[in-house]
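The block underneath contains the structure these notes are about, expressed in structure tokens.
Source: prediction; values computed, not measured. Side chains are part of it too, since the values below use all heavy atoms of this structure and drop only hydrogens, waters and symmetry mates.
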Amino acid sequence: MAKWLQSGRRRDMCVLLAAAEDGELSGQRLKTRLERRYDTRIEPKSFYGALDALESAGFVAHREDGIADKYSLTEAGKRRLRDQFEWMREALGEDS
């Protein structure tokens with residue numbers, strides 16, 4: 001598998017995007033949800049750097065919506081997230 005999730009942060013960002021009610025989140029909402037999950041503040045430069053890396057790799061797409069940028073998983077991102085989930089399930093000895 002390609003090194004698409006070189007950090008847990010990138011993986012968790014993808015999980016949160018996959019769980020989004022309408023399939024997308026604003027950058028700020030995604031950052032807030034991630035900070036709540038980690039129970040810590042994330043520097044904006046670090047957060048948006050990870051988001052940009054996912055977008056550059058083709059796993060996340062964004063669109064402008066007024067003053068906010070909205071982010072969503074691409075089909076490639078969804079596939080890789082499913083692959084990651086299956087790998088984790090197998091590693092933990094879980095049934096499908």
Side-chain angles (χ1 to χ4, degrees):
M1 177 181 290
K3 293 192 277 184
W4 77 285
L5 289 179
Q6 294 180 348
S7 77
R9 178 176 292 171
R10 291 180 195 175
R11 180 202 58 232
D12 293 347
M13 291 167 78
C14 290
V15 169
L16 290 170
L17 287 172
E21 300 81 33
D22 59 358
E24 65 181 6
L25 292 170
S26 69
Q28 186 57 49
R29 183 163 288 180
L30 177 59
K31 183 175 179 291
T32 298
R33 289 183 183 185
L34 194 62
E35 288 173 333
R36 284 184 188 150
R37 174 70 182 148
Y38 293 165
D39 194 27
T40 191
R41 182 177 182 283
I42 300 170
E43 290 294 325
K45 184 176 180 179
S46 175
F47 171 79
Y48 285 102
L51 197 52
D52 288 344
L54 287 168
E55 186 176 6
S56 293
F59 302 119
V60 169
H62 92 274
R63 68 178 182 86
E64 292 182 17
D65 185 23
I67 62 170
D69 285 339
K70 299 276 183 121
Y71 295 87
S72 60
L73 285 179
T74 62
E75 286 304 314
K78 291 174 186 176
R79 272 193 315 274
R80 291 293 177 95
L81 190 57
R82 281 191 298 272
D83 290 347
Q84 179 78 13
F85 179 73
E86 289 303 319
W87 175 76
M88 292 171 75
R89 185 191 329 241
E90 288 173 13
L92 294 172
E94 301 286 327
D95 292 330
S96 296

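- With values rounded to the nearest 0.5 angstrom, L30 atom CG is found 10.5 Å from D12 atom CG.
- Rounding to the nearest 0.5 Å gives a distance of 11.5 Å between CG of L54 and CZ of R9.
- R33 has no carboxylate O lying under 4.0 Å from a charged side-chain N of E35, or vice versa, which leaves the two without a salt bridge.
- Of the N and O atoms on the side chains of R63 and S72, not one donor lies less than 3.5 Å from an acceptor on the other residue.
- Once rounded to the nearest 0.5 Å, the distance linking CZ of R11 with CE of M13 reads 12.5 Å.
- From F47, atom CZ reaches atom CG of D52 across 9.5 Å, with rounding to the nearest 0.5 Å.
- Residue F85 is not grouped with residue L17 when hydrophobic side chains (ILVMFWY) are merged at heavy-atom distances under 4.5 angstrom, including chains of intermediate members.
- Atom OG of S26 and atom CD1 of I67 lie 10.0 Å apart (nearest 0.5 Å).
- Residues K70 and L25 form no side-chain contact, since every pair of their non-hydrogen atoms from C-beta on lies 4.5 Å or further apart.
- Nearest heavy-atom pair, C14 versus L73, reported as atom, atom and distance to 0.1 Å: O-CD1, 3.6 Å.
- Counting heavy atoms from C-beta outward, F59 and R80 have side chains that approach closer than 4.5 Å.
- The backbone N or O of I42 lies less than 3.5 Å from a partner atom in the side chain of K31, making a donor-acceptor pair.
- Note that the OH atom of Y48 and the CD atom of E55 stand 12.0 Å from one another [nearest 0.5 Å].
- Listed for the T74 side chain is no donor-acceptor partner under 3.5 Å among the backbone atoms of A61.
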